[in-house]
Peer 1: 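Input: one structure, supplied below.
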Protein chains: 2
Amino acid sequence: MLEDVDARIVAALAEDGRCSFTELAERIGLSVSAVHQRVRRLERRGVITGYAALVATEQIGLPLTAFVSLTPVDPSVPGDHPAVLARFREIEACWAVAGLESYIVKVRVASPSALEQLLGRIRAAVAVSTRTTVVLSTAFEHRQVVPVPDAPGPQVALDGAAVDGAPLDGSTAR
Amino acid sequence: MLEDVDARIVAALAEDGRCSFTELAERIGLSVSAVHQRVRRLERRGVITGYAALVATEQIGLPLTAFVSLTPVDPSVPGDHPAVLARFREIEACWAVAGLESYIVKVRVASPSALEQLLGRIRAAVAVSTRTTVVLSTAFEHRQVVPVPDAPGPQVALDGAAVDGAPLDGSTAR
DNA sequence: ACTGAAATCCGTAATCG
DNA sequence: CGATTACGGATTTCAGT
């Protein structure tokens, strides 16, 4: 787990990945060099694994998002499915999951017909049957889940329901 | 859609969101000010919607990821479900989807019991039944899907299968 | 582990082509 | 739309506590 100061740094960088060390230091209440030192340590420890620009996929000609669940045709033949799936540009993420299906991948394509073609290529490449769930709209995505222990916590009722407009984060009062 | 230069800038920033304008300019082969100008334009146009540090959730005490599909108990009562769901810290993403269920949310929690409690709170807050798929492992995530038109393209066979070790991105030769 | 200072590098805007 | 210039501010390192 994370210490308070580190958690606040991670939360700040998760929200604004290009935040300067100077601004970060002001927000956290430490010197620039101390913050710098901690960020580098968080990177080395693998807490922060990288930085990314968030791209509106609709704006770059990929307006269709879908989740595709994969079920191997012959489960006795293993093979490194994720490695094969990683070679599809259209696949943004790949999870191995518990349940009827073995994998879920998230894909971004230009059109229904591009989706159809992609599904065909996936089935051919990894010998799976697919089940596809088309995304109608993205309410939010890439949101950050970093717990910030020292932040003034929301008032939370005993059953875990938030009292007013506070986040329903299930955190305990302290 | 995007112009070649913009696409390469977006791709570079998607891969390294903290990349300096100086380094970006070198990679793209433009002056710093030209790149600067283009990045600002991409931000203004909403192509780049933000920057984020990528955080290893296992490292911050949230090792359990799951997808939860939500089906409203009474579909005739609408209400702004995404807005309610957004108030749960544990929910990282929320999509409205086509199919039997209405929404899919991605959650990150500390443990199976934390998941159980979260599901209870979700069902209570938005009056849905839930179906949960636990993630066993994340092969990859947050990968970038930005098409880079001018990059030396992979040799692709007519059926769309890559010839050698190139990405199976279905791009056409030019 | 944090601070403060020094040297270098970068971001930003203005100006010109 | 891109290059050059110039200055203020940021990054990074290091010595000190």
Side-chain angles (χ1 to χ4, degrees), chain A residues 1-56 58-61 142 144 146-152 174, chain B residues 1-56 58-61 142 144 146-152 174:
Chain A
M1 273 287 281
L2 282 186
E3 192 200 343
D4 293 8
V5 177
D6 282 337
R8 273 157 54 214
I9 290 175
V10 170
L13 285 173
E15 206 177 318
D16 177 9
R18 280 191 87 103
C19 183
S20 72
F21 288 106
T22 308
E23 192 189 328
L24 210 47
E26 283 169 13
R27 278 203 231 172
I28 305 296
L30 278 181
S31 70
V32 173
S33 56
V35 169
H36 186 260
Q37 193 176 217
R38 279 172 178 270
V39 171
R40 291 293 176 247
R41 193 180 54 191
L42 288 166
E43 290 170 356
R44 251 189 305 108
R45 286 184 184 168
V47 176
I48 292 173
T49 59
Y51 301 88
L54 303 179
V55 178
E58 330 86 57
Q59 301 270 21
I60 60 168
H142 307 309
Q144 276 313 135
V146 185
V148 182
D150 252 0
R174 53 191 71 218
Chain B
M1 272 287 283
L2 282 185
E3 193 199 344
D4 294 8
V5 178
D6 282 337
R8 274 158 55 217
I9 290 175
V10 170
L13 284 174
E15 207 176 319
D16 177 9
R18 277 190 89 101
C19 184
S20 72
F21 288 105
T22 307
E23 192 188 328
L24 208 49
E26 284 170 12
R27 279 203 230 173
I28 305 297
L30 278 181
S31 71
V32 173
S33 61
V35 169
H36 186 260
Q37 195 175 212
R38 279 171 178 269
V39 170
R40 291 291 175 251
R41 193 180 56 191
L42 288 165
E43 291 170 355
R44 248 189 308 107
R45 285 185 185 166
V47 176
I48 293 173
T49 59
Y51 301 88
L54 303 178
V55 178
E58 329 86 57
Q59 301 270 20
I60 60 167
H142 307 308
Q144 276 312 135
V146 186
V148 183
D150 251 0
R174 52 189 72 218

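Chain A is the first sequence line, chain B the second, and so forth, proteins listed ahead of strands; every chain is numbered from 1.
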Peer 1: Please determine if B:R8 and B:E3 form a salt bridge, counting it only when a charged side-chain N lies under 4.0 Å from a carboxylate O.
Peer 2: no
Peer 1: Looking at residues at least two apart in the chain, or sitting in another chain, which of them share a side-chain hydrogen bond (donor to acceptor under 3.5 Å, both in side chains) with B:S33?
Peer 2: B:S31
Peer 1: Apply side-chain hydrogen bond (donor to acceptor under 3.5 Å, both in side chains) to A:E43 and list each qualifying residue two or more places apart in sequence or on a separate chain.
Peer 2: A:R40, A:Y51
Peer 1: For A:T49, enumerate each residue passing the side-chain contact (heavy atoms from CB on, under 4.5 Å) test, keeping only those at least two apart in sequence or located in another chain.
Peer 2: B:L54, B:A56
Peer 1: State, yes or no, whether a side-chain contact exists between B:E26 and B:V32 at a heavy-atom distance under 4.5 Å.
Peer 2: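 A side-chain contact is absent here, since even the closest heavy-atom pair is not under 4.5 Å.
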Peer 1: Over its full length, what angle do the end axes of the helix from C:dA1-D:dT17 to C:dG17-D:dC1 make, each axis taken from five pairs and the result rounded to 10 degrees?
Peer 2: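 One end's axis against the other's: 30°.
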Peer 1: Got a sec? Which of residues 42-52 of chain B come in under 4.0 Å of DNA chain C, heavy atoms?
Peer 2: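 Here the set is empty: none.
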Peer 1: If I take atom CD in residue B:E26 and atom P in nucleotide C:dC9, what distance separates them, rounded to the nearest angstrom?
Peer 2: 12 Å
Peer 1: Please, which pairs that meet ring-ring contact (aromatic ring centres under 6.0 Å, His included) have at least one residue in residues 19-45 of chain A, sequence neighbours excluded?
Peer 2: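 Only A:F21-A:H36 qualify under ring-ring contact (aromatic ring centres under 6.0 Å, His included).
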Peer 1: Hey, could you give me the CD/CD1 distance between B:Q144 and A:I60, rounded to the nearest 0.5 Å?
Peer 2: 7.0 Å
Peer 1: Go along nucleotides 3-17 of chain D 5' to 3' and tag each nucleotide: B for a protein heavy atom under 4.0 Å from its base, S when only backbone or sugar atoms are that close, - otherwise.
Peer 2: BB-----SSBB----
Peer 1: With sequence neighbours left out, what residues match A:R41 under side-chain hydrogen bond (donor to acceptor under 3.5 Å, both in side chains)?
Peer 2: A:D6
Peer 1: The criterion is side-chain hydrogen bond (donor to acceptor under 3.5 Å, both in side chains); which residues satisfy it with B:R27, sequence neighbours excluded?
Peer 2: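 For B:R27, the residues satisfying side-chain hydrogen bond (donor to acceptor under 3.5 Å, both in side chains) (neighbours in sequence not counted) are B:E23.
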Peer 1: With sequence neighbours left out, write down each residue that passes salt bridge (charged side-chain N to carboxylate O under 4.0 Å, His left out) with A:R18, or none if nothing qualifies.
Peer 2: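 Per chain and number, A:R18 pairs via salt bridge (charged side-chain N to carboxylate O under 4.0 Å, His left out) with no residue.
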